[in-house]
Structures are given as structure tokens and as C-alpha cells.
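To start, the structure under review is shown below, and the notes come after it.
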Amino acid sequence: MAASSSCIAILTFVHLLFMGTSTAQLSSNFYSKSCPRLFSTVKSTVQPAIRNEPRMGASLLRLHFHDCFVNGCDGSVLLDDTANFTGEKNAVPNKNSVRGFNVIDNIKSAVENVCPGVVSCADILAITARDSVAILGGPSWNVNLGRRDARTASQAAANSSIPPPTSNLNQLISRFNALGLSTKDMVALSGSHTIGQARCTTFRARVYNETNNLESSLAQTRQSNCPRTTGSGDNNLAPLDLQSPTAFDNNYYKNLIKNRGLLHSDQQLFLNGGSTDSIVRGYSSSQSTFTSDFAAAMVKMGNINPLTGSNGEIRKNCRKPN
């Protein structure tokens, strides 16, 4: 028994050592010599994409989230299904929902032109997420780089790992904590819903059934574009942030205090007696506190289980393994 315990302890130590090493290998200057024009090349493609369609900023940010929450930040969300391979794009949280793949293709192509075979798709997602937030008026941060791309993906993991919009507060806290993200990180990262749109199918149940913590005028407005019947208008869109859906600000939290959270999972952060109410109040009264905490949480999220060293590969085409 003692020998078995010692063996487990050693294995645990080795596992932790490996995890620490993989994260430690990420560095904000990872490509400073191998691809010095990386940041300017990415930004020069992201900016016109968002200028042409401001909603695209939220979509590109969301791709990084949905990548990192499924077996780590490894670019797996970008892999297309084939006759012999089922990826994550048609998982329930992603189907008819995640978008921006063509923009990532364009960025990858531009990066390959200046430094072929050097920069991973996973790192491109991380840089693009940062640039999207900054372009829409949010904070910037130093992106840790050095991730490599997965050769595979898991639809099952995507179905089980990405918190659905029906999540309650305890489920949200638990899921984020399992990835090494604190409750404060969870509330800060949820602020990404200050930009972007949601489909009717994600908020239908809330606007028709949750009269206890949903402002009645908002419910009526959203019902007008989201029929009660499932299958009717499922993909009709509504802004997650009523006031400024293309500006990265703290209106999301101000809305929660007024029971204007569009998704059930959004309003769970402020229950007028819930454990995260004080964090929401803090962010609603101080945009600088929110943006600072958001940037720090994005760095933490970007460090989730990266493939480094000789693991994975640097894809030539983000949609398929080499």
C-alpha cells in the first residue's frame, strides 16, 4: 500500500512537472526571431474583417474560447469534418453558431506568406482574440505563444466541455474551476458577452419562462423576434448587450443588475443574493477593474493544456492536419 502511494505521488509529481513545463514554454516573444512580423500581419487582416462586420470581433474571440475549453488551446475547433474524421464544428455548442473560419484562413495565409511553417493555428486564434477585443475598444494584453496544433479533435468533448446557456451558477463555477479558472475569472470572462449576438434558440426559454428575473420590456422585445415554437426562427439574432453590442465595455454587467441578461447563464451571475453579485457590482461600477481582470483571465485561459515542444504540429492549413 505504501509503495503504491509512493508510486502515485511520483506519477502526480511528474504530471505536474510536465504541465508546468508545457505552460512555461509559452512566451510572449516566442516568435520574435522566427516571425518578427507576426503581430502586424495578424492585425492587418483582423482590422478590415471587423470593419466590414463589427460582429466578427465577437465571433473571433469566441473561437478562442471554444478552442481552449475542449482539451486545451490546440486549434482543434478549426478542423473540418471529413468522411473519416468527425471534428468539433458540428458539436451542439458549435453547430450553426461558431463562425469566422474564413477570417482565420485569411490570417493563416497571410502569416504563411511572411514566415511559412512557423506559426500554429492555435496561436493565431489567441492573437486574433486579443486583437478583436482591442479593436472594439477593450483591453490589450501580452499573448503567450508557442502552442502547437492538435492532429485530432473531439466532438464528444466539445458537447460536454463548453458550458451551455442553460447553465446555473454552480455549474458555471464548477466548469471554470475544473480548467484552473477561478470564480472571478469566470465572471470576468463572461464579460465577453458585452459584444456579439445570440441565436433565438439560446434564449427562447428565458424570454418566455423566466419572468422572475427578466425585465418585462426586454422579454417582450426579444419575443417579437423569437417565436415561442421550437424550429421557428431558431437562428434569429439578438444582441447580448442591449446598449453597445459592438463596443467592448462594462454595459453587460450594468444590464445584469437590471435583470437584462439575455441568456439564462448570464443572469445567473447576478441573482440579487448570489455568490457572484459583488463581483458583478464591482465590474458595473468600474470598467477599468473589469478590463484588467478580463485581460488577466484571458492569459490564464490561453494557458490551458497547450501542446508544446514536439507534441502536435504546425498545420499548413488550419482546417486539416498536415
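Since the model is a prediction, treat every value here as computed from it, not as a measurement. We use all heavy atoms of the structure for the numbers below, so side chains are in, but hydrogens, waters and symmetry mates are not.
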Open item on the list: Could you walk me through whether Tyr31 and Ser120 satisfy the side-chain contact (heavy atoms from CB on, under 4.5 Å) test, starting with their C-alpha distance in whole Å, then the side-chain angles of each, then the deciding distance to 0.1 Å, before giving a yes or no?
Closed with: CA-CA 11 Å; Tyr31 298 109; Ser120 69; 3.9 Å; yes

TODO: Please test Leu181 against Ile304 for side-chain contact (heavy atoms from CB on, under 4.5 Å), starting from the C-alpha separation and ending with a verdict.
DONE: CA-CA 9 Å; Leu181 299 167; Ile304 297 173; 4.2 Å; yes

Open item on the list: Run Arg204 and Asn236 through side chain to side chain donor-acceptor pair (under 3.5 Å) and show every step you take.
Closed with: CA-CA 11 Å; Arg204 174 183 282 122; Asn236 292 353; over 6 Å; no

TODO: Just do the side-chain contact (heavy atoms from CB on, under 4.5 Å) check on Arg148 and Asn311 with the steps written out, would you?
DONE: CA-CA 7 Å; Arg148 288 167 66 84; Asn311 295 311; 5.5 Å; no

- [ ] Check the pair Asn90, Gln155 against side chain to side chain donor-acceptor pair (under 3.5 Å), reporting the backbone distance first and the verdict last.
- [x] CA-CA 7 Å; Asn90 286 306; Gln155 187 177 101; over 6 Å; no

Task: Intermediate values then yes/no, side chain to side chain donor-acceptor pair (under 3.5 Å), Asn177 and Ser174 - done: CA-CA 5 Å; Asn177 287 355; Ser174 176; over 6 Å; no

Task: side-chain contact (heavy atoms from CB on, under 4.5 Å) evaluation trace for Ser167 with His264 - done: CA-CA 7 Å; Ser167 300; His264 174 83; 6.0 Å; no

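Using modelled atom types, one side-chain atom of Thr202 and one backbone atom of Arg199 make a donor-acceptor pair closer than 3.5 Å. At distances below 3.5 Å, not a single donor-acceptor pair connects side-chain atoms of Ser292 with backbone N or O atoms of Ser288. The backbone N or O of Ala156 sits nowhere less than 3.5 Å from a side-chain atom of Asn159 that would complete a donor-acceptor pair. Side chain of Asp123 to backbone of Gly146: a donor-acceptor contact under 3.5 angstrom is found. Here the side chain of Arg175 pairs a donor or acceptor atom with the backbone of Ser161 at under 3.5 angstrom. A donor-acceptor pair under 3.5 Å is formed between the side chain of Gln223 and the backbone N or O of Val207.
Residues Leu78 and Arg315 come closest through the heavy atom pair CB-NH1, 4.1 Å. Gly312 and Leu307 get closest at one heavy-atom pair: CA-CD1, 4.1 Å. The two residues Pro36 and Ser32 have their closest heavy-atom pair at CB-O, 3.5 Å. Counting all heavy atoms, side chain and backbone alike, Ala150 lies closest to Ser76 at CB-CB, 4.4 Å. Shortest non-hydrogen contact noted between Ala122 and Gly75 is CB-N, 3.6 Å. In this structure, Tyr208 and Cys226 approach most closely via the heavy-atom pair OH-O, 2.6 Å.
Both Phe39 and Trp141 belong to a single network of hydrophobic side chains, linked directly or stepwise wherever heavy atoms of I, L, V, M, F, W or Y lie under 4.5 Å apart. By the criterion of side-chain heavy atoms lying less than 4.5 angstrom apart, applied directly or through intervening Ile, Leu, Val, Met, Phe, Trp or Tyr residues, Val133 is grouped together with Leu63 in one hydrophobic cluster. Taken together through direct or relayed side-chain contacts under 4.5 Å among Ile, Leu, Val, Met, Phe, Trp and Tyr, Leu172 and Leu262 form parts of separate hydrophobic clusters. There is a path of hydrophobic side-chain contacts, each under 4.5 Å, that joins Val42 to Val118. Residue Tyr283 is grouped with residue Phe176 when hydrophobic side chains (ILVMFWY) are merged at heavy-atom distances under 4.5 angstrom, including chains of intermediate members.
In this structure, Ile104 CD1 and His64 NE2 are separated by 10.5 Å, a value rounded to the nearest 0.5 Å. Put simply, CD on Gln171 and OG1 on Thr166 are 7.0 Å apart, with the number rounded to the nearest 0.5 Å. Residue Asp277 holds its CG atom at 9.5 Å from CD1 of Ile279, rounded to the nearest 0.5 Å. Taking CZ of Arg206 as the start and CD of Gln267 as the end, the distance is 4.5 Å to the nearest 0.5 Å. Here the CG atom belonging to Asn96 is positioned 13.0 Å from the NZ atom belonging to Lys89, to the nearest 0.5 angstrom. Taking CG from Asp74 and CZ from Arg147, the interatomic distance works out to 10.5 Å, rounded to the nearest 0.5 Å.
Shown are Asn250, Asn251, Leu136; of these, the side chain to side chain contact (heavy atoms under 4.5 Å, CB included) with Ser244 is made only by Asn251. The salt bridge (Lys or Arg N to Asp or Glu O under 4.0 Å) test with Arg319 is passed by exactly one of Asp149, Asp80, Asp81: Asp80. Across Leu61, Asp67, Ile107, a single residue satisfies side chain to side chain contact (heavy atoms under 4.5 Å, CB included) together with Leu125, and that is Asp67.
Remark: the Asp249 side chain and the Gln287 side chain contain no N/O donor-acceptor pair separated by less than 3.5 Å. At a cut-off of 3.5 Å, with distance as the only test, no side-chain donor of Arg62 or Asn94 sits close to an acceptor on the other residue.
When side chains are defined from C-beta on, Leu26 counts as touching Pro306, because their heavy atoms get closer than 4.5 Å. Residues Ile173 and Met186 are in side-chain contact: their nearest non-hydrogen atoms beyond the backbone lie under 4.5 Å apart. Inter-residue side-chain proximity for Ile50 and Asp131 is flagged as unmet; no heavy-atom pair is nearer than 4.5 Å. Within the 4.5 Å cutoff, side-chain heavy atoms of Asn212 are placed close to those of Glu210. No side-chain heavy atom of Asn102 sits under 4.5 Å from any side-chain heavy atom of Met56. Considering only heavy atoms from C-beta on, Phe69 comes within 4.5 Å of Met301 through its side chain. Looking only at side-chain heavy atoms (C-beta outward), Leu269 and Leu169 come within less than 4.5 Å of each other. Arg99 places a side-chain heavy atom less than 4.5 Å from the side chain of Arg55.
For Asn84, the CG atom sits in a loose shell: 12 or fewer heavy atoms of surrounding residues, nucleotides or ligands are nearer than 6.0 Å. Within a 6.0 Å sphere centred on NZ of Lys300, heavy atoms belonging to other residues, nucleotides or ligands number more than 12. Around CG of Asn142, the count of heavy atoms belonging to other residues, nucleotides or ligands within 6.0 Å does not exceed 12.
At a threshold of 4.0 Å, the pair Glu215-Lys258 does not count as salt-bridged, since none of the basic side-chain nitrogens sits closer than that to a carboxylate oxygen. Taking 4.0 Å as the cut-off between side-chain N and carboxylate O, Asp266 and Arg260 do not count as a salt-bridged pair.
With ring centers used as reference points, Phe270 lies 6.0 Å or more from Tyr252.
Taking the six-membered ring where the residue is Trp, Phe248 and Phe290 present parallel rings, their angle staying beneath 30° rather than reaching 60°.
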